[in-house]
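Working notes for the structure below.
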Amino acid sequence: VALGAFRSTSVAVFQRVNETHFEPLGQTLTGARRSSYGLSVALSDDASVLAVGSNSAAFVYELNGSSWSQRGDNITNASTPYHCLRPVTFLLPWHLHVHL
């Protein structure tokens, strides 16, 4: 499960160990202050790819061992106002949909 929150700048991913226990999967990711980083999150079915939306961009991360690494450049749309949030979803395996 991937968790982010409104007015937060962090995203954490957890894996279920048993019915009552979850453990962190990779490190907590942190975005820029006041960016709404983590308001929208999407995790691939196999939990190896994480997409994070903010008010100025979307970010894609890949789990490498026990660490998240950014995959490619930030996804932005310069013509969209700064306050427009970037919802992210996985439509099919390996197809990321970013609402610009």
Exercise. Could you walk me through whether Asn64 and Glu62 pass the side-chain contact (heavy atoms from CB on, under 4.5 Å) test, one step at a time?
Key: CA-CA 6 Å; Asn64 295 312; Glu62 186 170 21; 4.2 Å; yes
Practice problem: I would like to know whether Ile75 and Asp73 meet side-chain contact (heavy atoms from CB on, under 4.5 Å); could you show each step before the answer? | Solution: CA-CA 6 Å; Ile75 302 168; Asp73 295 329; over 6 Å; no
Quiz item: Do Ser54 and Phe59 pass the side-chain contact (heavy atoms from CB on, under 4.5 Å) test, and can you show the C-alpha distance, the side-chain angles, and the key distance before you say yes or no?
Solution: CA-CA 8 Å; Ser54 76; Phe59 309 85; 3.7 Å; yes
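Under the 4.5 Å side-chain criterion, counting only non-hydrogen atoms from C-beta, Leu50 is in contact with Val11. Side chains of Val49 and Leu43 form no contact here, defined as non-hydrogen atoms less than 4.5 Å apart.
Of the possible polar contacts, none joining the Ser36 side chain to the Leu39 backbone as a donor-acceptor pair under 3.5 Å is found.
The CG atom of Leu63 sits 7.5 Å away from the OG atom of Ser66 when rounded to the nearest 0.5 Å.
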Identify each donor-acceptor pair in which a side-chain atom of residues 23-30 lies under 3.5 Å from a protein atom, sequence neighbours left out, and give them as a table.
from  : atom 1 : to    : atom 2 : distance (Å)
Gln27 : OE1    : Ser67 : OG     : 3.4
Gln27 : OE1    : Trp68 : N      : 2.8
Gln27 : NE2    : Trp68 : O      : 3.0

